[in-house]
Amino acid sequence: MTNNTFLNPPDWRNDTVLPLPLEVKANAWAVDAACSGNPGPMEYQCIDLQTGARVFHYGPVHGTNNIGEFLAIVHALALMEQKGITDKVIYSDSYNAILWVSKGKCKTKLERNPKTEKLYQVIARAEHWLATHPYKVPIMKWETKKWGEVPADFGRK
């Protein structure tokens, strides 16, 4: 199968309404960010892979795509903890964001100024959350080359 042939879930796959590759767990959330320019208006969202429903959306705010990817993962982790969800995984197509989350630090080079101050406060909150909340939810890399765009993609490419 090529990455564009997932039109509908196969009949035997009753764990999702989305067309997911066989290797992808349906008991998961997928996150993604979009940014018009870099930096520019940035937003992120999370999609439940079982239902196809949007779990959350944030933005747009002035930022970068990498910051959005990082914040989306932390937002998903915090929401899962808040709701007592321990059996799902999180998919992200951003290697950088997954690395930043594992290290507990958003390694952005975005200039801190009045235009970005609100976002920097959100980043500080996310970093603090990571420092004070050990998490066990697996964060998995979405393999875009094999599977196509992550289901949380904004579709603007």
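The residues of the chain are indexed from 1 along the displayed sequence.
Connection of I73 to I67 is established within a shared hydrophobic cluster, with ILVMFWY side chains joined at heavy-atom distances below 4.5 Å, either directly or through further cluster members. Under the 4.5 Å side-chain contact rule for hydrophobic residues, M80 and Y44 share a cluster. In the hydrophobic clustering of ILVMFWY residues, with side-chain heavy atoms under 4.5 Å counting as a link, W29 and V101 come out together. Both F56 and I90 are assigned to one and the same hydrophobic cluster, defined by single-linkage of ILVMFWY side chains at heavy-atom distances under 4.5 Å. No path of Ile, Leu, Val, Met, Phe, Trp and Tyr side chains, each step under 4.5 Å between heavy atoms, connects M140 with V137, placing them in separate hydrophobic clusters.
With sequence neighbours excluded, the residues satisfying salt bridge (charged side-chain N to carboxylate O under 4.0 Å, His left out) with R112 are E117.
Heavy atoms only, all atoms of each residue included: W100 and C106 are closest at CZ3-SG, 3.6 Å. Nearest heavy-atom pair, L49 versus K25, reported as atom, atom and distance to 0.1 Å: CD1-O, 3.7 Å. Considering every non-hydrogen atom in both L110 and G63, the closest pair reads CD2-CA, 4.1 Å. Across L130 and G104, no two heavy atoms sit closer than the pair CD1-CA, 3.8 Å. Across all their heavy atoms, P151 and I47 have their closest contact at O-CG1, 3.8 Å. Counting all heavy atoms, side chain and backbone alike, A126 lies closest to L71 at CB-CD2, 3.7 Å.
The closest side-chain heavy-atom distance from K88 to D48 is below 4.5 Å. Taking 4.5 Å as the limit, some side-chain heavy atom of V61 sits within range of a side-chain heavy atom of M42. Looking at heavy atoms from C-beta onward, E23 lies in side-chain contact with K146 at the 4.5 angstrom threshold. Contact check for F70 versus T108: no side-chain heavy atoms found under the 4.5 Å cut-off. A heavy-atom distance below 4.5 Å is found between the side chains of L79 and K83. V55 places none of its side-chain heavy atoms less than 4.5 Å from the side chain of V31. Between Y120 and R125, the closest side-chain pair of non-hydrogen atoms is not below 4.5 Å.
At distances below 3.5 Å, not a single donor-acceptor pair connects side-chain atoms of T116 with backbone N or O atoms of L119. Q45 places a side-chain N or O within 3.5 Å of a backbone atom of A152 that can act as its donor or acceptor partner. When atom types are taken as modelled, the side chain of N27 and the backbone of D87 share a donor-acceptor pair closer than 3.5 angstrom.
Atom CZ of R54 sits in a crowded spot, with more than 12 heavy atoms from other residues, nucleotides or ligands closer than 6.0 Å. Within 6.0 Å of NE2 in H128 there are 12 or fewer heavy atoms belonging to other residues, nucleotides or ligands.
Ring centroid separation for the pair Y58 and H75 does not come in under the 6.0 Å cut-off.
Using a 30° and 60° split on the angle between ring planes, W142 and W147 fall in the perpendicular class, above 60°. Using bins of under 30°, 30° to 60° and over 60° for the plane-to-plane angle, the ring pair W129/Y135 lands in the parallel bin.
A distance of 13.5 Å separates CD1 of I98 from NZ of K103, quoted to the nearest 0.5 Å. Atom CD1 of residue I123 and atom NZ of residue K107 lie 13.0 Å apart, to the nearest 0.5 angstrom. Residue S36 holds its OG atom at 10.0 Å from CG of N65, rounded to the nearest 0.5 Å.
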Using side chain to side chain contact (heavy atoms under 4.5 Å, CB included), reason through S92 and K141 one step at a time and then give a plain yes or no. CA-CA 5 Å; S92 169; K141 174 74 171 71; over 6 Å; no
For T144 and D153, what are the C-alpha separation, side-chain angles and deciding distance, and is it a side chain to side chain contact (heavy atoms under 4.5 Å, CB included)? CA-CA 11 Å; T144 305; D153 186 69; over 6 Å; no
